[in-house]
Amino acid sequence: MSEGTYFSKAELMVAQAAREIADGERVFVGMRLPLIAFVVAKRTHAPSAVGLFELGIVRDEPSPELLYTMGDTPNVAGAVWCARTIDLMGLLQRGDIDAGFIGGAEIDRHGNLNTTAIGPDRMHPDVQLPGSGGGGDIASLARRLIVIMPHDRRRLREKVDFVTSPGYGNGRGWRERQGLARGGPSVLITTLGVFRFVDGEAVLASFHPGSSVERIRAETGWDLRVAADVRETEPPSAEALRVIREYDPHGFWTRREE
Amino acid sequence: MSEGTYFSKAELMVAQAAREIADGERVFVGMRLPLIAFVVAKRTHAPSAVGLFELGIVRDEPSPELLYTMGDTPNVAGAVWCARTIDLMGLLQRGDIDAGFIGGAEIDRHGNLNTTAIGPDRMHPDVQLPGSGGGGDIASLARRLIVIMPHDRRRLREKVDFVTSPGYGNGRGWRERQGLARGGPSVLITTLGVFRFVDGEAVLASFHPGSSVERIRAETGWDLRVAADVRETEPPSAEALRVIREYDPHGFWTRREE
Amino acid sequence: MPGKIFSLPESVARFVPDGSSVALGCALEPAIPFAFAHELIRQGRRDLELIGPISDIAFDQLIGAGCVRGVTAAWIGNVSAGLAHAYRRAMEQGVPRRIEVHDHTNFTIAQALLAGALGAPYLPTRTILGSDIARANPTFREATDPFSGDRVLLVPAIAPDVTVIAAQRADADGNTHLWGPWGVSQEAALAAKAVIVLADEIVERAVIASDPNRTIVPGTKVAAVVHEPGACHPSPLQGRYRRDHDFYREYHAATRTAEGQSAWLAEWVTGVPDRAAYLAKLGPRWVALRDYGRPAAEVRY
Amino acid sequence: MPGKIFSLPESVARFVPDGSSVALGCALEPAIPFAFAHELIRQGRRDLELIGPISDIAFDQLIGAGCVRGVTAAWIGNVSAGLAHAYRRAMEQGVPRRIEVHDHTNFTIAQALLAGALGAPYLPTRTILGSDIARANPTFREATDPFSGDRVLLVPAIAPDVTVIAAQRADADGNTHLWGPWGVSQEAALAAKAVIVLADEIVERAVIASDPNRTIVPGTKVAAVVHEPGACHPSPLQGRYRRDHDFYREYHAATRTAEGQSAWLAEWVTGVPDRAAYLAKLGPRWVALRDYGRPAAEVRY
């Protein structure tokens with residue numbers, strides 16, 4: 001790719017998320033950016049990854065057209081398994097699923113996510129959010145969790161108002177004490193940078209082109225930890241951008257904010 | 001039917017069992033005689049009864065040909081639901097099933113059945129029997145239980161060696177104490193007579209043509225209780241015999257002992 | 001038995017009194033019986049307890065119309081367009097009324113309905129241990145797995161008064177074929193006291209019986225069969241019609257205010273007498289969504 | 001991936017070491033993978049733990065051949081012909097060896113496998129409370145339902161090392177279509193560490209993907225796909241061949257004694273190199289069982 005090729009924040013996030021999927025893995029694929037990340041991974045370095053959709057679909061080839069929801073008819077036609085939600089959730093609870101994607105309205109330094117409600121009283125919220133869907137399950141049960149979120153101080157908070165999807169609770173050992181058998185966030189990809197989780201705590205691993213450690217510190221609601229080898233996030237490859245733009249030609253999901 | 005029309009013991013038992021099915025009922029149908037009883041009921045007085053087969057089949061019309069097992073291909077073709085065993089067992093546990101049929105190697109006066117093993121030590125049996133199959137479940141969970149068995153002293157015992165399928169335990173109130181939500185045997189149809197259960201105990205209601213209270217007493221391993229209005233079992237109607245012989249033309253199940 | 005065939009208004013009038021618990025939208029994003037939700041609104045049902053995993057905008061419409069006392073769900077929003085405004089107004093401002101929420105996840109609600117279908121009192125799970133959902137929903141209990149000593153969450157059974165299933169075809173007895181994702185539809189149907197089927201097509205019993213593995217619920221569980229073509233719009237029905245993505249976006253934009261919500265309901269629900277009129281109002285837009293897809297490979301029984 | 005296609009002997013050699021726990025016959029009377037049981041016998045497998053609801057005579061043959069250490073089952077017999085002689089000899093006389101039995105019912109084994117498929121530690125049930133099965137099987141526990149205070153039986157999860165599924169068709173990745181009764185097949189497959197599929201026909205992926213609701217197990221759970229036509233005889237496979245009732249009767253008559261059992265195994269199992277030879281030995285009798293049935297009504301995706 002030539003220097004200076006334009007890409008959107010969403011395209012960068014998708015390309016980064018795609019790198020988190022290894023070949024042959026079984027991945028719980030959400031909608032929007034994670035779905036497109038799965039498409040990119042499949043068509044680049046992970047041709048035998050398998051995508052599982054919580055409503056009850058397994059695909060070894062991405063749907064041929066852009067999806068607005070996982071239940072769109074093109075996602076069903078050509079699937080290899082169309083089943084029940086509980087069949088897929090059973091695989092997840094068994095530990096058969098390598099990775100899952102989720103997003104959230106709020107996240108804290110330990111990777112706990114809130115998608116339920118903003119405010120101190122869940123039953124009388126300041127802002128009512130949609131809720132868990134399968135997010136709480138994926139966060140609890142997948143072998144590892146990939147989180148994708150917009151980055152600002154009101155979203156990356158010292159403490160979230162409600163833990164919909166458990167991360168590492170208050171730190172190392174918490175998941176085991178709760179009875180969560182495995183998992184936890186491995187990476188948080190935001191609009192500004194990439195965090196890895198070390199001992200149950202988010203550590204900034206890279207800042208996106210155009211962003212910086214200082215900007216991220218200013219936009220993060222907790223005392224930022226920064227990796228010794230922090231560096232700029234690798235830009236999307238030309239191949240990844242080609243796949244993204246082929247799959248989402250009008251930029252419905254990947255060029256929204258531009 | 002003219003007096004003296006010949007019928008086998010099995011035909012009499014089938015006709016009696018068919019009378020136990022009311023129209024519109026949902027019935028867990030076993031194989032052999034109960035299956036044919038279901039066919040007779042459907043084609044005579046219970047046209048809208050529904051038959052459920054524990055391997056995962058629901059039929060509102062009997063299979064067009066004689067079955068040797070419930071999984072025979074003619075029992076699947078033309079079914080209205082072909083599902084999983086647990087779907088059917090779920091209906092049973094919910095209390096959605098009106099009646100179930102089972103047989104057994106041994107039964108006691110409280111309707112407890114043994115189909116597991118003869119002898120004092122189940123792990124070193126004198127005679128190893130096949131086991132419960134779904135019998136224990138039907139006896140535990142159907143709204144009422146219809147039992148069909150050959151009649152002799154070694155089978156109708158004071159106490160069975162092993163309770164595979166719980167009846168009334170040691171009598172009234174036992175099922176409730178165990179946590180069994182409902183059910184229990186309503187009738188025991190043998191090769192010699194018909195018993196009804198009163199307060200959790202078998203009471204002879206009728207003796208088949210050719211049998212007698214005294215013969216039944218001699219062939220029963222417990223102290224026989226006899227209903228005040230004991231009488232001869234009603235013979236099969238001409239219509240029932242016609243259906244039985246149409247469905248089992250070679251008498252594979254209904255004229256075995258002749 | 002033609003005794004099970006009802007019109008949509010009759011099925012609501014007869015089987016869904018005020019205060020009923022109603023599961024619908026159980027296939028998640030597809031096959032949502034919007035026609036049924038709209039008829040509940042037209043008949044002015046009150047104090048309903050809604051049960052379903054994500055519901056897309058069907059629950060939002062019922063909440064906005066004031067039909068709902070409580071919701072047992074994993075997610076209430078607009079899948080392709082964002083938050084659910086009527087749900088927000090109800091929770092944040094009590095407009096048009098306060099509702100009681102029992103938070104679930106997709107897995108816990110699936111387990112609750114499966115327990116209901118199995119006649120089991122509860123299912124034990126390891127999901128959402130330590131989360132605030134586990135604490136906020138008072139129907140859950142934490143317990144110790146006696147086999148391993150591990151912590152487990154016990155999810156109690158849910159048995160809806162009525163489960164509504166939209167499907168491609170059913171016979172007059174209610175034996176129903178549904179293809180495409182089942183989500184939690186089968187558990188919800190088997191767990192229910194009564195099932196109402198909205199069939200895109202009513203077929204002879206022989207069609208159903210030619211392929212009994214395709215049956216999602218047998219007639220013996222079904223109280224009413226309604227012939228209601230196009231019942232799921234704007235959600236899709238596999239092999240019949242696609243999802244109307246724009247409709248969700250338009251609903252989102254139109255319902256930002258309570259007044260907008262009322263106007264939307266007046267236009268699309270109370271302002272049309274029935275589903276046929278609704279589809280006619282959609283006009284060529286509806287026709288353009290029809291998609292009969294490709295045939296499944298042959299199977300012989 | 002042609003990497004998942006194995007011959008029957010390879011599939012046994014590679015995925016079923018001595019001492020494995022093996023679930024088979026999970027559709028109950030139909031679709032029993034007799035070919036697989038016979039190959040286990042030919043390769044002299046020892047100390048197997050068999051898991052299955054009723055097994056018809058497949059478990060009896062494996063027990064008679066001395067392959068079996070233990071059985072977890074609801075019923076072991078000959079469905080249309082009577083008792084299972086080899087099982088009787090093993091339990092009554094320790095011939096050819098003692099086996100350990102864990103008694104189940106069809107419902108409890110279904111629940112144990114469903115718990116395995118769900119990754120749940122156990123399922124609670126009301127069945128067989130007060131029975132001697134509940135007492136004789138030490139893996140069960142009685143407990144109190146904390147919601148109601150009622151007694152419940154806790155059935156712990158079973159996760160077989162290998163589940164063997166016989167089906168009409170699969171693709172080379174192991175995506176498998178099975179129609180006819182599923183029994184406990186799907187739970188057993190999803191609960192297993194590895195699944196081996198015996199497919200009557202290997203098809204292109206597009207055939208499977210044309211009808212994904214027909215899939216009983218996705219390729220991602222499958223370790224080996226074996227192309228083995230006629231694998232289920234004498235049990236039936238819907239739309240392919242009927243049940244050979246006489247064969248069960250003949251087996252029953254031939255195996256009354258240990259010598260008779262050995263002679264039967266020598267004739268029908270160790271005396272034939274593979275399934276093709278077995279079917280050839282059946283000759284016209286096999287041809288007469290073929291039955292392609294009637295087509296299912298069209299479905300479009």
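Comparing A:N112, A:L92, A:T85 by how many heavy-atom pairs each has under 4.5 Å with chain C, the most go to A:T85. Per-residue counts of heavy-atom pairs under 4.5 Å with chain A were compared for C:L113, C:T127, C:I128; the largest is that of C:T127. Ranking C:E29, C:R135, C:R89, C:Q186 against chain A, the residue ahead of the rest is C:E29, based on heavy-atom pairs under 4.5 Å. Note on C:G77, C:P181, C:A90: by heavy-atom pairs under 4.5 Å with chain A, the leading option is C:P181. Put simply, of A:T116, A:D87, A:D126, the one with the most heavy-atom pairs under 4.5 Å next to chain C is A:D126. Interface check for chain C: of the options A:G56, A:G136, A:A117, A:A181, the most heavy-atom pairs under 4.5 Å are formed by A:G136. When the candidates A:A77, A:G131, A:S132 are compared by the number of heavy-atom contacts under 4.5 Å with chain C, A:S132 comes out ahead. Heavy-atom pairs under 4.5 Å with chain A peak, among C:I99, C:T125, C:D150, C:L153, at C:T125. Chain A forms more heavy-atom pairs under 4.5 Å with one residue of C:Y248, C:Y87, C:F107, C:W179 than with any other, namely C:F107. Note on A:R175, A:R32, A:M31: by heavy-atom pairs under 4.5 Å with chain C, the leading option is A:R32. Put simply, of C:V152, C:D103, C:L114, the one with the most heavy-atom pairs under 4.5 Å next to chain A is C:D103.
Heavy atoms closer than 4.5 Å to chain A are found nowhere in C:A84, neither backbone nor side chain. For chain C, the nearby parts of A:T164 are the backbone and the side chain; heavy atoms of each come within less than 4.5 Å. Both the backbone and the side chain of A:D137 come within contact range of chain C, each with at least one heavy atom under 4.5 Å from a heavy atom of that chain. In this structure, the portions of A:L55 lying under 4.5 Å from any heavy atom of chain C include both its backbone and its side chain. Only the side chain of A:W174 comes within contact range of chain C, judged by heavy atoms closer than 4.5 Å. At a 4.5 Å heavy-atom cutoff, C:A73 makes no contact with chain A through either its backbone or its side chain. Neither the backbone nor the side chain of C:E142 has a heavy atom closer than 4.5 Å to any heavy atom of chain A. For A:A83, the part lying near chain C is the backbone, with the side chain staying farther off; criterion is any non-hydrogen pair under 4.5 Å. Only the side chain of C:L28 comes within less than 4.5 Å of a heavy atom of chain A; its backbone N, CA, C and O stay farther away.
With ring centers used as reference points, C:F140 lies under 6.0 Å from C:H104. Aromatic ring centres of A:Y68 and A:F252: separated by under 6.0 Å.
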Original post:
Can C:H233 and C:D244 be said to form a side chain to side chain donor-acceptor pair (under 3.5 Å), step by step?
Top reply: CA-CA 7 Å; C:H233 177 275; C:D244 189 347; 2.8 Å; yes

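Looking only at atom types and distance, the side chain of C:Y292 has a donor-acceptor partner in the side chain of C:R290 under 3.5 Å away. For the residue pair C:H85/C:D60, the side-chain donor-acceptor check at 3.5 Å is not satisfied. A side-chain donor from one of C:S80 and C:R243 sits under 3.5 Å from a side-chain acceptor of the other.
A:D199 places no side-chain N or O within donor-acceptor distance of the main-chain N or O of A:G171, the cut-off being under 3.5 Å. A side-chain donor-acceptor contact under 3.5 Å links A:E54 to the backbone of A:G134.
The cationic group of A:R109 does not satisfy the cation-pi geometry with A:F197, failing either the under 6.0 Å distance to the six-membered ring centre or the 45° limit from the ring axis.
Note that OG1 of A:T254 is 8.0 Å distant from CZ of A:R245, once rounded to the nearest 0.5 Å. How far OG of C:S235 is from CZ of C:F34: 5.5 Å, rounded to the nearest 0.5 Å.
Counting non-hydrogen atoms of other residues, nucleotides and ligands closer than 6.0 Å to CZ of C:R98 gives a total above 12.
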